[in-house]
There are 2 protein chains.
Amino acid sequence: MALKVDQGTAKALNRRLALNLLRREGGLSRGELAAKTGLSNAAITGLVSELIEEGFLKEGESTQSTGGRKPVLVELDYAARYSIGLKLMSDRVEAVLTDLSTEPLAATVVALSNVEPETVAEASRQAVQQLIPDSDLRSEKLIGVGLAMPGLIDVEHGVCRISHRFGWHNVPIASLLAEQVHVPVWVDNDVNAFAIAQQLFGAARRRSSALVLIIGTGVGSALIFHGQIHRGARFAAGEIGFAVDGGGLKTDTFANWSHRFSEPAIERQWAELCATSAGQKPVKLQEAAESGDPQAVELLGSIGRDIGIRLVGMIDLVDPEVVIVGGEAIRFGKALIDPMIEAVKQYSFEVPPPIEIDWENNIWSRGASALAIQKFFDFESADGVA
Amino acid sequence: MALKVDQGTAKALNRRLALNLLRREGGLSRGELAAKTGLSNAAITGLVSELIEEGFLKEGESTQSTGGRKPVLVELDYAARYSIGLKLMSDRVEAVLTDLSTEPLAATVVALSNVEPETVAEASRQAVQQLIPDSDLRSEKLIGVGLAMPGLIDVEHGVCRISHRFGWHNVPIASLLAEQVHVPVWVDNDVNAFAIAQQLFGAARRRSSALVLIIGTGVGSALIFHGQIHRGARFAAGEIGFAVDGGGLKTDTFANWSHRFSEPAIERQWAELCATSAGQKPVKLQEAAESGDPQAVELLGSIGRDIGIRLVGMIDLVDPEVVIVGGEAIRFGKALIDPMIEAVKQYSFEVPPPIEIDWENNIWSRGASALAIQKFFDFESADGVA
DNA sequence: AGACTTTTTTCACTTAATGAAATAAGATGG
DNA sequence: CCATCTTATTTCATTAAGTGAAAAAAGTCT
């Protein structure tokens with residue numbers, strides 16, 4: 001429910017406005033900041049000095065004078081604090097310590113013997129301990145811990161409503177972990193976490209809406225509108241992994257996104273292909289595609305096209321400013337991606353939005369770290385679970 | 001771009017908050033209003049007396065005392081002002097005069113000899129004139145005119161970017177009309193207008209998100225998030241009419257939503273069916289379905305199921321609080337609707353949101369009227385094109 | 001060095017909300 | 001029927017955040 005706006009919230013909103021402007025545009029003088037926010041110079045003076053006092057902003061170099069006093073650049077001090085990101089996998093917790101720009105400073109991995117909530121919380125505690133052993137430093141400079149996992153997450157209460165992959169049902173994982181690490185903890189769906197990182201410092205940085213598609217262990221998506229994750233009425237927005245497809249007039253053929261398009265599914269299809277074409281010794285799909293193997297190129301092309309066709313439906317529905325595609329399947333390269341983009345261009349209602357491919361290893365845990373960092377740039381639910 | 005919040009905008013936001021609370025909940029006492037908005041009693045006293053002075057609120061009957069002074073109910077005075085809605089059709093302009101609750105007070109239709117912007121503007125002027133001949137009354141009590149039409153509309157500038165059905169391209173229809181009627185004019189896509197009406201006083205009244213699906217002359221949709229229409233980066237959100245469908249593994253079969261699912265397309269399929277089944281004299285599809293004709297029930301069932309299957313993809317992506325289905329095809333009744341709902345239930349990822357069917361004749365122009373009314377409940381772009 | 005220019009800060013003022021106290025209006029009970 | 005209690009609404013002094021104008025700071029240019 002929307003709530004009243006008093007002077008306190010108004011101030012917080014203006015603070016967020018200025019911070020996000022600096023995040024998107026880099027260094028700005030106080031005067032530019034005033035012009036771009038619409039606030040008076042006087043107000044900016046006060047706001048900036050508060051933020052400098054808190055350590056989030058620093059004065060940069062003065063730039064060119066235009067015949068008078070040089071403007072003093074003000075910029076975000078990304079090194080001022082740390083954040084920790086934890087990505088839950090079925091067999092391990094991947095952890096990373098980053099600065100406020102999600103730049104990794106250290107990383108570690110803790111193995112999981114099982115996926116019981118207590119086991120996961122204990123492994124997470126160990127990971128945090130390894131990354132910042134000094135508990136004083138933790139309370140001083142660590143802004144919090146972000147936890148990313150597959151499933152439907154109630155981010156406000158820090159509860160995992162449903163995670164099929166972990167077999168969880170209403171697990172208050174944020175508070176379980178917060179009890180152990182004594183810093184604020186935020187949980188979110190892993191694809192949402194990736195999308196937030198893209199929004200803060202990635203391809204969606206200067207855009208207000210985005211559609212994120214992940215082709216990894218499963219297939220999932222995330223939506224950003226007005227610079228905010230759209231989570232849906234039951235935290236299920238973007239859960240396209242199980243979308244059925246009636247196949248035109250043939251309603252009896254249902255193709256499951258994850259079943260055909262996930263990275264494991266693609267590998268499986270390659271294995272089946274290799275098994276049937278006798279005499280050929282099995283080669284890795286990625287290598288085969290890179291060396292131009294016709295069967296591999298054909299398989300990936302067909303899958304890419306089909307993904308593209310489904311992407312068109314999503315684009316036409318929400319009309320995002322940009323589409324960002326990531327996930328482990330990106331490693332299959334152009335053979336998969338180009339036909340996908342081609343299909344989007346061919347079948348879109350209008351000229352489609354730009355499609356950006358962005359993926360690298362360890363990006364999951366950086367996304368998790370962005371969950372905590374986002375709270376600096378975003379005024380809503382700035383409390384986490386502590 | 002988001003902008004600063006000063007005391008003026010804060011006040012406007014609080015005013016909006018109170019108005020929307022009253023719209024959703026009906027009459028409330030000042031005390032309840034204070035409790036639900038989070039504002040102090042003192043602030044509510046001031047706010048309410050301003051709104052009463054302006055004529056938008058009135059005091060209602062005092063309710064039951066609970067042992068002390070009776071609370072005085074405050075409610076919206078829907079009769080305080082008028083709004084006019086214009087729905088552009090290819091051969092006519094349908095117009096309705098409503099109160100602030102979109103309740104029709106009078107209606108008229110003006111024929112169009114062609115769809116040139118000037119012709120449309122002139123016909124619209126005539127319609128307004130017929131509904132309120134007295135120009136003094138217009139400037140006093142008419143809050144504005146809402147114009148609904150198919151196509152991509154830049155609502156901020158009142159420009160129709162593209163309308164295939166009218167052959168328009170960047171037509172500043174709002175200012176063309178505003179010049180003639182001398183009241184504020186707002187234009188929007190017709191499906192968006194319908195959705196806004198549903199949000200203000202229909203099935204989405206107490207919800208903050210909704211997915212609206214229209215099966216009419218074409219097939220279109222609208223999205224409401226946070227009580228606001230989601231228009232997309234190029235005003236193209238919801239334009240699913242041309243969505244392609246790769247049909248599972250068979251990428252060569254493309255079924256176009258509008259081509260198979262629009263009301264004319266359904267009629268066409270019935271006509272084809274009647275033509276092939278020799279000896280049978282043609283019966284109207286709606287009548288055939290109502291009388292339980294197996295072929296009609298079968299045809300509508302198959303179409304309904306296919307629509308349902310596609311709806312699942314949309315629901316899984318955006319996870320709306322409610323789905324609202326409307327459009328001229330609703331007249332085909334349960335034979336079409338029930339299989340659609342069945343399919344949604346069968347193939348959804350989670351328990352699907354409630355699906356509400358809401359349609360009646362002349363609803364298009366009431367939706368148009370809601371475009372102007374919405375500006376009272378919504379603080380953004382409250383200026384229109386004047 | 002003195003005259004401009006441009007940026008940033010200072011300060012008196014305005015506005016909208018707040019909490020506490022006052023007032024209004026009805027209920028209750030002898 | 002009057003005194004007292006209860007609940008609803010209004011009044012008022014106070015507070016917080018932003019504004020515009022003027023002052024101060026920090027340059028450039030001749």
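Below, chains carry the letters A, B, ... as their sequence lines are ordered, and counting in each starts from 1.
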Legend entry - Qualifying residues under side chain to side chain donor-acceptor pair (under 3.5 Å), relative to B/Ser83, sequence neighbours excluded: B/Ser369
Inset, instruction - Go through the structure and list residues passing side chain to side chain donor-acceptor pair (under 3.5 Å) with A/Asn189, not counting sequence neighbours. - result: none
Atom pairs, protein N/O to nucleotides 27-30 of chain D N/O, distance under 3.5 Å:
| from | atom 1 | to | atom 2 | distance (Å) |
| --- | --- | --- | --- | --- |
| D/dG27 | N2 | A/Gly67 | O | 3.3 |

Inset, instruction - If the plane angle is over 60° it's perpendicular, under 30° parallel, otherwise tilted; pick one for B/Phe225 and B/His230. - result: tilted
Inset, instruction - Kindly write out the residues that satisfy side chain to side chain donor-acceptor pair (under 3.5 Å) with B/Arg23, not counting sequence neighbours, or none if the list is empty. - result: B/Asn20
Inset, instruction - Tell me which of A/Gln7 and A/Val72 sits closer to the 5' end of DNA chain C, going by the nucleotide each one is nearest to. - result: A/Val72
Legend entry - Between D/dG18 (C1') and A/Asp6 (CG): distance, integer Å: 14 Å
Inset, instruction - With sequence neighbours excluded, tell me which residues meet side chain to side chain contact (heavy atoms under 4.5 Å, CB included) with A/Ile52. - result: A/Arg30, A/Val48, A/Leu57, A/Glu59
Inset, instruction - Could you tell me from which nucleotide to which nucleotide of DNA chain C, 5' to 3', there is an atom under 4.0 Å from chain B heavy atoms? - result: C/dT15 to C/dA27
Inset, instruction - Output all residues satisfying salt bridge (charged side-chain N to carboxylate O under 4.0 Å, His left out) with B/Asp99, sequence neighbours left out; order by chain, then residue number. - result: none
Legend entry - By side chain to side chain contact (heavy atoms under 4.5 Å, CB included) - contacts of B/Glu321 (at least two apart): A/Ala233, B/Arg207, B/Ser208, B/Ser209
Inset, instruction - Considering non-hydrogen atoms only, spot the tightest contact between A/Arg366 and A/Thr102 and give its length. - result: NE-O, 2.8 Å
Inset, instruction - Write down the distance between CZ (B/Arg30) and C1' (D/dT7), rounded to a whole number of angstrom. - result: 15 Å
Inset, instruction - Return the value, rounded to whole Å, for the distance between atom CG of B/Leu39 and atom C1' of D/dT10. - result: 16 Å
Legend entry - By side chain to side chain donor-acceptor pair (under 3.5 Å) - contacts of B/Asn192 (at least two apart): B/Asp188
Legend entry - Stretch residues 41-51 of chain A: residues that reach within less than 4.0 Å of DNA chain C through a heavy atom: A/Asn41, A/Ala42, A/Thr45
Inset, instruction - Not counting sequence neighbours, which residues clear side chain to side chain contact (heavy atoms under 4.5 Å, CB included) with A/Glu50? List them please. - result: A/Lys11, A/Arg15, A/Glu54
Legend entry - Residues in side chain to side chain contact (heavy atoms under 4.5 Å, CB included) contact with A/Ser40, at least two apart in sequence or another chain: A/Ala42, A/Ala43
Inset, instruction - Specify the separation, in whole Å, of atom CG of A/Leu33 and atom P of D/dG18. - result: 13 Å
Legend entry - d(NZ, A/Lys11; P, D/dT19) in whole Å: 13 Å
